Participant: 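I have a structure I would like to understand better, so I am pasting it below and will then ask my questions one at a time.
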Number of protein chains: 2
Amino acid sequence: MDQVNLKKLAKELNLAVSTVSRALRDSHEISPKTKERVRELAEKLGFQPNPHASSLRQNRSKTIAVIIPEIENNFFSQVINGIESVTPDKGYHVLIYLSHEDYNKERDILQLLRNGRVDGVMISVSNTTTNMDHIEAWRQNGFPLVIFDRTCEDVDVPNIMTNDAEMAFKATEHLVKRGCKRIAFLGMAGNLSISNRRKAGYLAALEKYRIAAPPKVVELTAKDYINRDLLKQIFQEQPRPDGIFAAIEKFAVNTYEVCKELNLHIPKDVKVISFSNLQAAALFDPALSTIIQPAYDIGREAANILFKIIEKKMLMPYEKKMILPSQLIERASTAITS
Amino acid sequence: MDQVNLKKLAKELNLAVSTVSRALRDSHEISPKTKERVRELAEKLGFQPNPHASSLRQNRSKTIAVIIPEIENNFFSQVINGIESVTPDKGYHVLIYLSHEDYNKERDILQLLRNGRVDGVMISVSNTTTNMDHIEAWRQNGFPLVIFDRTCEDVDVPNIMTNDAEMAFKATEHLVKRGCKRIAFLGMAGNLSISNRRKAGYLAALEKYRIAAPPKVVELTAKDYINRDLLKQIFQEQPRPDGIFAAIEKFAVNTYEVCKELNLHIPKDVKVISFSNLQAAALFDPALSTIIQPAYDIGREAANILFKIIEKKMLMPYEKKMILPSQLIERASTAITS
DNA sequence: TTGAAAGCGCTAACAC
DNA sequence: GTGTTAGCGCTTTCAA
C-alpha cells in the first residue's frame with residue numbers, strides 16, 4: 001500500500017507541491033478554486049500528511065507525554081480522561097508512560113523525551129523520587145512541563161493539585177468529632193510532598209483538638225500493600241487505634257481486609273476515612289467515607305496550562321499553582337455507633 | 001537550548017555524519033576506537049536522536065496506538081498495564097485514544113492514524129460499532145492491527161479475548177445451582193460480539209437446566225447507567241428476578257444501588273454475579289461474586305502479537321484467535337440463604 | 001574503515 | 001496566486 005503524499009497530489013493536479021501544501025492548510029494566498037480542487041482530491045485519495053515530516057520540519061510534534069506512577073488507579077485514570085477531554089480539539093496526541101513508582105525509570109523516561117518527540121510533559125512523580133534534578137533539567141532547557149497531584153514545591157514549575165492539607169485536616173477533624181481518641185495516619189513512605197501535606201493536616205487537627213494520644217504516623221510502601229503484616233500489627237498493639245485516616249485508597253482497602261480478618265468492626269471498633277476516587281466506595285461494607293479528589297478537573301486544567309506554555313502564552317499567577325478543592329463524603333464507616 | 005544532533009557530534013569529532021550515525025547504531029563496519037570516541041561524546045552531551053527524522057527516513061515510528069472505549073474502567077487500565085509491560089523493552093511508545101463508545105470517533109481516530117504516525121494499532125471497539133469497514137480498511141492496507149476483548153469475528157484480524165460464552169454459562173449455572181429460578185441477564189446494548197457471546201452462554205445454561213421462566217435479556221445503554229429507572233423497573237415487575245447475571249461491571253454496581261433503594265436483600269431476595277475486574281468487589285456489601293478477566297495478560301499478549309505482525313513474523317494459528325480464560329470467584333452475593 | 005551525497009515528506013523563504 | 005528551492009536530522013546507498 002503506497003501512502004498518498006503531497007507530491008502525488010501535486011502531480012495529479014498539475015500544481016506545485018508547495019501550492020498543494022498551502023491549499024490544504026487554508027492559506028489566504030491560494031485561490032478558492034484551487035483550494036477546492038486540492039481538497040477534493042485529497043479527500044478522495046484519503047490523504048493524511050505525514051506527521052514525521054511536518055514534525056521534523058516545524059520542530060513541533062503535536063504530541064504530549066503523560067508520566068504517571070501507575071495506571072491501575074482510579075485517580076490517574078480519571079486524570080487521563082480529563083487530559084483527553086482537551087487534547088483532540090487541540091489536534092494533539094497523548095503518549096502514556098508509567099514510572100511504576102521508580103525514580104530511575106522516571107528519570108530515564110524524561111531523558112528519553114528530550115529530543116523533540118513531545119512538545120510538553122505532564123508528570124506526577126513517583127514516591128521514590130526525592131531528587132528533582134531531572135525535572136529541573138527539563139525546566140532549565142525551556143521544555144514545557146507541568147506537575148500535577150504529586151507535586152514538588154521546591155521547583156519552579158506549574159503545579160496543579162488539590163487542597164491536601166486542608167482536606168486531611170477536615171478528615172481528621174471528622175474522626176475527632178465522631179468520637180475517635182486514637183487516630184492513626186496511613187501514608188505512603190517516601191518523601192512525597194503530597195504525603196507531607198496530608199500528614200501536616202492530620203497533625204494540625206490533632207493539635208487543634210488537643211488529642212491526648214500521641215500522633216501515630218504509619219508510612220507504608222508498595223510491599224506493605226501486598227503483605228499486610230505491618231498493618232495488622234498496628235491493630236494488635238494496645239491500645240489500638242479507634243480511627244484510621246488513610247491518605248491512600250489502597251491502604252483503606254487494606255484496612256478493611258485486616259479488620260475483617262481480626263474481627264474488628266467498622267465503625268464500632270474503628271472508624272475509617274480515606275482519600276479515594278473509587279466510585280464503588282458507597283457499596284463497601286460498610287460504605288467508606290471518602291475525600292474525593294477532582295481528578296478529571298486536575299487532568300483538564302493541567303492540560304490547559306501545558307498548552308498555554310507550549311503556545312508561549314503568559315500564565316496567570318493562579319495558574320502557576322492551581323489548587324482544586326476535594327470533597328469529603330461522610331458514609332457509614334465513620335458513623336457514630338451507640 | 002539547542003538540540004545536539006549528529007552534525008554537531010560529527011564536527012566536534014572530525015568525522016562524517018554518517019560515521020557517527022553508524023557508530024551509535026553499533027555498525028560492524030566502524031572501528032572500536034571510533035565507536036568509543038563517538039559514544040563518549042554522545043553520552044557527555046546527552047545526545048538523543050531526533051525521532052521524527054529517523055521515523056521519516058525509516059518509515060517506522062516505534063510507536064503503537066491503543067484505542068479503547070473508555071479509561072475509567074479497571075479492565076482497560078489493567079490492559080494498558082499489560083501492554084506497557086512489553087513496550088519499553090521493544091523501544092516502543094504508546095499513544096492512547098478514547099472512542100467514548102462512539103463509532104464515529106473510533107472511525108476518525110483510525111483514519112487519523114493512517115499516515116505513519118504509528119506502526120500498529122490495538123483496538124477494543126465501541127459498543128456503537130456495528131460496521132467493521134474501518135477495521136477492514138486498515139487490514140486491507142496491510143497495517144498491523146489486533147483487536148482485543150471487544151472483538152469482531154467477521155473480520156480477518158488477530159483477536160485476543162477471554163472465554164466469554166463459557167464463563168457466562170458458568171455464571172448462570174452458578175446462579176441456578178444456588179437456587180435461582182428467574183435469572184435476568186444485564187448486557188450492553190449494541191451489537192457487540194462480546195455481549196452476544198455472553199448472552200449465548202446465559203441462554204445455553206438456561207436451556208441446559210430447563211429453567212421454566214422465560215429468559216430475561218435486558219440490554220442497557222450508557223444512559224441507563226446514569227438513570228437507573230429501567231433497571232428499577234425490572235425489580236418492580238412481578239414476578240421479579242431472583243438472580244442477576246451482569247455482563248458488565250457497571251450494571252452490577254447499579255443493581256446494588258437499586259436493590260438498596262428498593263430494600264431488596266442480596267443474596268436473600270436476589271443473587272448477583274458479574275463480570276468485573278474491580279479489586280474491591282470483595283469488600284462490597286455483600287461481597288460480589290465475580291468473573292475476573294485476565295486483563296493484564298490480554299494486554300501483554302495482544303501487544304506481543306502486534307509486535308510479531310509489525311516485525312513481519314508468522315503468527316502461530318493460536319495467535320490469530322487467542323482465548324485467555326477468566327476466573328469465577330464465588331462470594332456472598334450468590335450465597336445460599338436459609 | 002570512513003566519507004559524500006541523496007532523499008524520506010513536508011514547510012517556508014523567496015522568486016515571479 | 002503559484003512555482004522553485006532549500007533544508008529539517010536522520011539513514012543508506014555508493015564511492016573511496
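Proteins come first, then strands; the chains are lettered A, B, ... in the order of their sequence lines, and each starts at number 1. Fair warning: this is a prediction, and the values are worked out from it, not measured in the lab.
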Participant: Identify, with sequence neighbours excluded, every residue that meets ring pair (Phe, Tyr, Trp, His ring centres under 6.0 Å) alongside Phe307(A).
Facilitator: Tyr92(A)

Participant: Starting from the first five and the last five pairs of the helix from dT1(C)-dA16(D) to dC16(C)-dG1(D), work out the angle between the resulting helix axes, to 10 degrees.
Facilitator: 40°

Participant: What's the CZ-P distance between Arg117(A) and dC8(D), to the nearest Å?
Facilitator: 21 Å

Participant: Please examine the side chains of Thr63(A) and Arg117(A), heavy atoms only from C-beta on, and report whether any two atoms are closer than 4.5 Å.
Facilitator: no

Participant: In whole Å, I'd like the distance from the NZ atom of Lys11(B) to the P atom of dG9(D).
Facilitator: 13 Å

Participant: Minimum heavy-atom separation for Met122(B) and Ala302(B), please, with both atom names.
Facilitator: CE-CB, 3.3 Å

Participant: Please check if the side chain of Ser55(A) supplies one atom and the backbone of His52(A) the other of a donor-acceptor pair under 3.5 Å.
Facilitator: no

Participant: Please report the shortest heavy-atom distance between Gln293(A) and Asp149(A), naming the atom on each side.
Facilitator: NE2-OD1, 3.2 Å

Participant: Tell me: CG of Leu15(B) to C1' of dA4(C), nearest whole Å?
Facilitator: 14 Å

Participant: Pick the nucleotide of DNA chain D nearest each of Thr19(B) and Ser18(A); which residue has the one closer to the 5' end?
Facilitator: Ser18(A)

Participant: Do Lys105(A) and Tyr97(A) have side-chain heavy atoms sitting under 4.5 Å apart?
Facilitator: no

Participant: Test: side-chain hydrogen bond (donor to acceptor under 3.5 Å, both in side chains). Region: residues 304-323 of chain A. Which pairs qualify, not counting sequence neighbours?
Facilitator: Lys90(A)-Glu311(A), Glu153(A)-Lys321(A), Lys308(A)-Glu319(A), Glu311(A)-Lys313(A)

Participant: Separation of Leu24(B) atom CG from dT2(C) atom P, in whole Å?
Facilitator: 13 Å

Participant: Determine whether Ile67(A) and Leu113(A) make a side-chain contact, defined as any pair of heavy atoms from C-beta on separated by less than 4.5 Å.
Facilitator: yes

Participant: Anything under 30° is parallel, anything over 60° is perpendicular, the rest tilted; go ahead and classify Phe148(A) against Phe76(A).
Facilitator: perpendicular

Participant: From Ile123(A) CD1 over to Leu306(A) CG, what is the distance, rounded to the nearest 0.5 angstrom?
Facilitator: 12.0 Å

Participant: Among residues 30-38 of chain A, which residues get a heavy atom nearer than 4.0 Å to DNA chain D?
Facilitator: Ile30(A), Ser31(A), Thr34(A)

Participant: Collect all protein-nucleotide pairs involving nucleotides 7-9 of chain C in which both atoms are nitrogen or oxygen and the distance is under 3.5 Å.
Facilitator:
unit_1	atom_1	unit_2	atom_2	d
dG7(C)	N2	Arg57(B)	NH1	3.1
dG9(C)	N2	Ala53(A)	O	3.4

Participant: Once you round it to whole Å, what is the distance between P of dG3(D) and CG of Leu13(A)?
Facilitator: 10 Å

Participant: Check each of Val94(A), Ile96(A), Leu95(A) against Leu95(B) using the side-chain contact (heavy atoms from CB on, under 4.5 Å) test, and report the only one that passes.
Facilitator: Leu95(A)

Participant: Search all heavy atoms of Ile323(B) against all heavy atoms of Thr162(B) and return the closest pair with its distance.
Facilitator: CG2-C, 3.7 Å

Participant: Any N/O pairs under 3.5 Å between the protein and nucleotides 14-16 of chain C? List them or say none.
Facilitator:
none

Participant: Report the C-alpha separation of Glu40(B) and Arg37(B) in whole Å, then their side-chain angles, then the decisive distance to 0.1 Å, and conclude whether the salt bridge (Lys or Arg N to Asp or Glu O under 4.0 Å) test is met.
Facilitator: CA-CA 5 Å; Glu40(B) 205 166 299; Arg37(B) 283 181 62 215; over 6 Å; no

